[in-house]
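Position 1 is the first residue of the sequence; numbering continues from there. Predicted model only: the values in this text are computed from it and were never measured.
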Amino acid sequence: MFSRIFAILPLVLLVAAKAHPKARDQCSNGVLQCCQSVQSAYNEQDLLAQHDIAVADAAAQGLVGVDCTSITVAGVSKSCAASQQVACCKNDHFNGAISLGCSTINSA
């Protein structure tokens with residue numbers, strides 16, 4: 001049974017590595033994520049205040065991602081829904097509820 005797993009593992013890793021190749025090239029120092037929205041910290045002041053994150057601190061890091069999930073989890077690739085934005089985020093807070101230091105990625 002373990003030999004089958006080890007035989008399939010390289011194929012799974014290869015598929016995960018090829019998912020979103022352009023996006024991966026644009027996200028070398030963060031985590032590639034699918035976010036419901038990626039906006040200025042000043043547009044998300046209420047949400048940041050709820051989590052005791054200073055708007056100025058968040059703004060200094062870049063854009064804020066809201067309701068983000070990682071695109072690749074444990075070698076399993078997934079795509080973003082049409083309503084989500086692909087983003088590269090440096091700091092994840094509250095399990096993706098807020099991600100700081102984001103930049104949007106053009107995955108087309």
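Put simply, the side chain of Q33 does not reach to within 4.5 Å of the side chain of I71, judged on heavy atoms. Side-chain contact check for S83 versus Q36: some heavy-atom pair is nearer than 4.5 Å. Residues C102 and V38 are in side-chain contact: their nearest non-hydrogen atoms beyond the backbone lie under 4.5 Å apart.
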N/O donor to acceptor pairs below 3.5 angstrom from side-chain atoms of residues 45-68, sequence neighbours left out:
from	atom 1	to	atom 2	distance (Å)
Q45	NE2	Y42	O	3.1
Q61	OE1	N91	ND2	2.3

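Expressed to the nearest 0.5 Å, how far OG of S37 lies from CD of E44 amounts to 5.0 Å. Annotation: the span from C89 atom SG to I105 atom CD1 amounts to 9.0 Å, rounded to 0.5 Å. To the nearest 0.5 Å, the span separating CD on Q84 from SG on C35 amounts to 8.0 Å.
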